[in-house]
Amino acid sequence: MRLVLLGPPGAGKGTQATRLVEKHGIVQLSTGDMLRAAVAAGTPIGLQARAVMESGGLVSDEIVIGIIRDRIQEPDAKKGFILDGFPRTVAQAEALEALLAQEGLKLKAVIELKVDQARLVDRIVKRAADALAAGQPVRKDDDPEVFKTRLAAYNRDTAAVTPFYGARGQLTAIDGMQPIDAVTKAIDKVLAG
């Protein structure tokens, strides 16, 4: 089972990915984690990424796709994977499509968690308050100003990925403003059908 989860920051992709990992025994692939792991392991693509990262540049789509190619060939990804936070652009979606075709793989589903962006800031403020109340650190991403910057970047760059998958008939939209368990049930229904 290979999935792409789409939606703006704060939509609940990470929460749902964790549940899918537990339920289906698949891996969640975070491009940031994969980049750091490839750099630490000193793989050829990791060395390329390190050179770019150390110079303060953004890692190219070619390097990111190379890291994904390497990662999906690892034994724990054979059963399936969830891409959360990738693809971020139409160019990355096209590159992912080409990579999967080369590997003889297909996506089972592309799920967009649709949310009311005006209410997302309230959700993030609440998440920060809940973390503080539980004695946990507040994620930097949960700062409302940082969040608004991330949301603007999503709307500028990543929102175009949704119509890309919609035009291919691969996209299913789910109301991400529902309670967490209701979103999980909706995703399970998509995957069962």
Rounded distance (nearest 0.5 Å) linking atom [atom1] of [X] with atom [atom2] of [Y]:
X: Leu107; Y: Leu83; atom1: CG; atom2: CG; answer: 7.5 Å
X: Thr43; Y: Arg50; atom1: OG1; atom2: CZ; answer: 9.5 Å
X: Asp130; Y: Gln136; atom1: CG; atom2: CD; answer: 9.0 Å
X: Leu191; Y: His24; atom1: CG; atom2: NE2; answer: 5.0 Å

(message) Just checking Leu47: does its CG atom have more than 12 heavy atoms from other residues, nucleotides or ligands closer to it than 6.0 angstrom?
(response)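 Counting neighbours around CG of Leu47, more than 12 heavy atoms of other residues, nucleotides or ligands fall under 6.0 Å, so yes.
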same_hphob_cluster([X], [Y]) at 4.5 Å side-chain heavy-atom cutoff:
X: Ile63; Y: Leu100; value: yes
X: Val190; Y: Met1; value: yes
X: Val110; Y: Val161; value: yes
X: Met177; Y: Phe147; value: yes

(message) Between Arg2 and Gly80 (side chain of the first, backbone of the second, donor and acceptor by atom type, cut-off under 3.5 Å), is there such a pair?
(response)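 Pair absent, no side-chain N/O of Arg2 close to backbone of Gly80.
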(request) Go through Asp175 and Val183 one step at a time and tell me if the side chain to side chain contact (heavy atoms under 4.5 Å, CB included) criterion holds. (result) CA-CA 7 Å; Asp175 178 2; Val183 174; over 6 Å; no
(message) As a quick check of understanding, evaluate side chain to side chain donor-acceptor pair (under 3.5 Å) for Glu103 and Gln73, giving each step before the final call.
(response) CA-CA 9 Å; Glu103 298 294 324; Gln73 292 174 353; 3.2 Å; yes
Please report the shortest heavy-atom distance between [X] and [Y], naming the atom on each side.
X: Gln178; Y: Ala186; result: NE2-CB, 4.5 Å
X: Pro8; Y: Leu120; result: CG-CD1, 3.8 Å
X: Ile67; Y: Ala49; result: CD1-CB, 4.4 Å
X: Gly7; Y: Lys13; result: O-NZ, 2.8 Å
X: Met34; Y: Ile68; result: CE-CG1, 3.7 Å
X: Lys79; Y: Gly25; result: CD-O, 3.6 Å

(request) May I have the step-by-step check of side chain to side chain contact (heavy atoms under 4.5 Å, CB included) for Leu113 and Leu6, ending in yes or no? (result) CA-CA 6 Å; Leu113 298 181; Leu6 299 174; over 6 Å; no
(request) Begin with the C-alpha distance, continue with both residues' side-chain angles, and end with the deciding distance and a verdict on side chain to side chain contact (heavy atoms under 4.5 Å, CB included) for Arg71 and Val27. (result) CA-CA 10 Å; Arg71 182 63 181 91; Val27 294; 4.1 Å; yes
(message) One thing to verify: whether Asp181 and Arg19 come together as a salt bridge, which I'm taking to mean a side-chain N less than 4.0 angstrom from a carboxylate O.
(response)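 Salt bridge: yes.
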(message) Determine whether Asn155 and Gln117 satisfy the following criterion, side chain to side chain contact (heavy atoms under 4.5 Å, CB included), listing intermediate values before the conclusion.
(response) CA-CA 10 Å; Asn155 288 326; Gln117 292 190 13; 2.9 Å; yes
Set of residues satisfying side-chain contact (heavy atoms from CB on, under 4.5 Å) with respect to [X], sequence neighbours excluded:
X: Ala159; answer: Tyr154
X: Arg36; answer: Asp33
X: Gln92; answer: Asp61, Phe86, Pro87, Arg88, Thr89

(request) Please test Gln16 against Thr184 for side chain to side chain donor-acceptor pair (under 3.5 Å), starting from the C-alpha separation and ending with a verdict. (result) CA-CA 6 Å; Gln16 295 303 324; Thr184 300; 2.7 Å; yes
